[in-house]
Amino acid sequence: MAKVMDSVSHTFGEYLLIPGYSSEECIPNNVSLKTPLVKFKTGEKPSISLNIPMTSAIMQSVSDDKMAVALAREGGVSFIYGSQSIEAEAAMVAKAKAYKSGYVASDSNLSPQQTLCDVLQLKKKTGHSTMAVTEDGTANSRLVGLVTGRDYRLSRMELSVKVGTFMTPIDKLITAPEGVTLSEANDIIWEHKLNALPLIDENGWLRSFVFRKDYEQHKENISELLDGQKRYVVGAGINTRDFEERVPALIEAGADVLCIDSSEGYSYWQKNTISWIRKNYGDSVKVGAGNVVDGEGFRFLADAGADFVKIGIGGGSICITREQKGIGRGQATAVLEVAAERDRYLAETGIYVPLCSDGGIVHDHHITLALAMGADFTMLGRYFSRFDESPTNKIMLNGNYVKEYWGEGSNRARNWQRYDMGGDNKLSFEEGVDSYVPYAGSLKDNVLSSLSKVKSTMCNCGCLSIAELQKNAKVTLVSEISLVEGGSHDVILKESGLRN
């Protein structure tokens with residue numbers, strides 16, 4: 001007969017943190033959320049650490065180059081989705097890595113023959129109001145002008161008017177030569193009160209832009225996560241099928257850390273993938289693995305050489321693996337058991353392998369619970385899919401804005417490699433759904449709000465760091481009645497007029 005686990009499988013929603021003593025130093029401004037991303041030996045420092053305990057999921061509907069830039073700007077890492085061609089994923093990595101250098105490739109381009117209608121459609125697509133006008137409408141052509149919101153008035157212009165008639169022509173633009181330093185470019189921007197400075201080569205071809213907002217954002221984002229060359233740290237997903245071609249391309253593009261994207265990590269295929277990376281790159285290439293839900297799975301991946309291990313099977317909001325296959329475990333129970341095994345592994349080997357809690361985060365305080373239970377950082381899909389920076393469409397549904405969100409195991413994604421068990425190149429059945437999530441605005445505003453709650457809760461527990469939280473936090477299971485008591489109850493809510 002099967003081995004039956006003694007304990008019940010629990011989720012984060014079944015636990016609460018118990019307050020600890022808060023000293024006078026224990027205020028949110030003093031809390032550090034810095035946490036290791038990759039393994040390290042006792043007495044040493046990890047080669048990559050996060051400034052916030054948040055990474056974005058390896059999903060088509062969540063993590064592209066735009067998300068990578070936005071999240072790194074706040075101190076986290078995005079793992080660009082791997083369920084696309086090797087060339088496309090490498091291009092996204094390269095684009096995100098190039099962004100922080102300050103020289104931004106133009107992604108909003110027009111030709112003089114296009115119309116105001118094209119301008120509006122392009123602005124809706126990219127969200128950018130500054131558009132380069134080049135001879136052939138591509139990013140790598142001779143620059144002939146610029147269009148910004150100051151160049152047209154919708155109330156007084158026909159949508160059919162040609163761009164060439166209302167753009168600011170090249171002879172009225174301030175430009176700089178390709179090769180100008182970032183410091184010199186910023187001086188030109190401030191001297192001439194510009195929002196954007198085009199950089200052109202000796203033939204007048206557009207090469208890149210330097211934007212005023214990037215300088216200002218750099219000053220505002222003190223937690224941004226940068227590599228040794230002051231570029232944003234970027235992650236990328238890989239699979240266990242084409243890794244021999246995909247890994248070199250991603251490393252060449254500049255990826256700082258990789259992660260095997262799989263629904264279940266306790267497998268020959270993950271060990272084989274890690275072994276190939278270690279054989280060809282040694283420890284210079286950082287790669288996470290998973291997912292697992294018990295100590296045995298963790299030990300397998302740690303011994304295989306994983307730089308971090310992801311925890312969680314079937315806990316994602318769009319994941320139906322448990323329903324379809326009957327495998328998985330409550331996320332809280334999984335994190336607690338894997339963390340205990342991680343600590344035993346540390347005691348035996350002197351190597352600390354960070355843990356990523358992937359899935360099961362419904363409310364902001366679940367992030368704090370995951371950290372308290374032993375995770376070093378979280379991976380979030382639904383959370384990030386709601387923001388402007390996710391790659392999906394924002395649409396109106398029943399009077400409210402929503403964003404599309406689908407699982408990698410859905411027919412829409414068709415990411416059969418994630419569920420690969422050495423069989424045919426196809427998705428035999430769905431393990432994810434296609435859905436909508438409420439639109440929530442900008443990533444920055446939401447992340448700051450979520451992390452302010454995490455810091456406040458950590459102070460309530462008397463902890464100023466994630467390591468202290470893992471060591472000193474106390475958690476308790478709650479009953480169904482306690483869950484009701486924890487929300488508003490026995491009052492009439494003003495906004496709805498309904499009794500609660």
Side-chain angles (χ1 to χ4, degrees), residues 12-13 15-37 45-46 48-57 67 70-78 217-226 233 308 311 331-332 335-336 339 352 354-384 386-387 389 440-476 478 486-487:
F12 293 135
Y15 284 92
L16 288 174
L17 285 152
I18 296 176
Y21 171 69
S22 300
S23 68
E24 61 182 349
E25 289 81 23
C26 207
I27 59 175
N29 284 344
N30 290 338
V31 172
S32 170
L33 294 178
K34 190 166 186 175
T35 189
L37 176 63
K45 292 183 178 180
I48 308 176
S49 292
L50 300 168
N51 290 330
I52 62 172
M54 302 173 83
T55 63
S56 67
M67 177 63 69
L71 185 50
R73 185 177 288 149
E74 301 308 316
V77 165
S78 182
Q217 286 173 346
H218 173 67
K219 296 301 180 182
E220 293 174 0
N221 298 305
I222 58 174
S223 294
E224 60 185 358
L225 192 62
L226 307 176
V233 173
F308 65 86
I311 308 167
Q331 190 69 2
V335 171
L336 286 166
Y352 187 90
L355 300 178
C356 170
S357 179
D358 177 17
I361 303 293
V362 179
H363 304 292
D364 289 338
H365 72 269
H366 290 171
I367 297 174
T368 320
L369 278 165
L371 300 174
M373 290 177 178
D376 297 280
F377 57 96
T378 58
M379 180 170 279
L380 304 146
R382 180 195 60 84
Y383 179 89
F384 287 114
R386 304 171 300 146
F387 303 149
E389 293 81 1
S442 74
L443 179 146
K444 183 180 183 66
D445 291 343
N446 283 276
V447 166
L448 290 177
S449 175
S450 296
L451 293 180
S452 69
K453 297 176 189 178
V454 172
K455 289 182 177 181
S456 180
T457 304
M458 288 174 64
C459 287
N460 292 144
C461 296
C463 302
L464 291 174
S465 69
I466 292 173
E468 284 185 19
L469 184 69
Q470 292 171 340
K471 180 181 178 181
N472 300 324
K474 295 180 288 185
V475 297
T476 181
V478 295

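On a predicted model such as this, the values are computed, not experimentally measured, just so you know.
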Worksheet item: What heavy-atom pair brings S357 and V335 nearest, and what distance separates the two atoms?
Response: OG-CG2, 3.7 Å

Item to complete: Compare all side-chain heavy atoms of L464 with those of S32 and state whether any distance is below 4.5 angstrom.
Response: no

Discussion item. The criterion is salt bridge (charged side-chain N to carboxylate O under 4.0 Å, His left out); which residues satisfy it with K474, sequence neighbours excluded?
Written reply: none

Fill in: For the student: nearest non-hydrogen atoms of A370 and T378, plus distance
CB-CG2, 4.1 Å

Practice prompt. Apply side chain to side chain contact (heavy atoms under 4.5 Å, CB included) to L17 and T457, showing your working.
Written response: CA-CA 8 Å; L17 285 152; T457 304; 3.7 Å; yes

Response to the item:
Note: G462 and S22 closest approach over all heavy atoms is N-OG, 4.1 Å

Worksheet item: If you measure only the distance, is there a donor-acceptor pair under 3.5 Å linking the side chains of Y383 and S450?
Response: yes

Worksheet item: Any donor-acceptor pair under 3.5 Å linking the side chain of Q331 with the backbone of I311?
Response: yes

Item to complete: State which residues pass salt bridge (charged side-chain N to carboxylate O under 4.0 Å, His left out) with K444; sequence neighbours excluded, sorted by chain then number.
Response: E74

Practice prompt. For M54 and F377, work out which heavy atoms get closest and say how close.
Written response: N-CB, 4.4 Å

Response to the item:
For Q470 and D376, the nearest pair of non-hydrogen atoms, with its separation, is NE2-OD1, 3.5 Å

Discussion item. Any heavy-atom pair between the side chains of L33 and V454 that's under 4.5 Å?
Written reply: yes

Worksheet, complete the sentence: With sequence neighbours left out, the residues meeting side-chain hydrogen bond (donor to acceptor under 3.5 Å, both in side chains) with S442 are D445

Worksheet item: Can you find a heavy atom in the side chain of L336 that is under 4.5 Å from one in the side chain of Y15?
Response: yes

Worksheet item: So which heavy atom on S56 is nearest to which on S78, and how close?
Response: OG-OG, 2.5 Å

Worksheet entry | T35 side, atom OG1; L50 side, atom CG - distance, nearest 0.5 Å | 6.5 Å

Fill in: Close side-chain approach of I367 and K453, heavy atoms under 4.5 Å
no

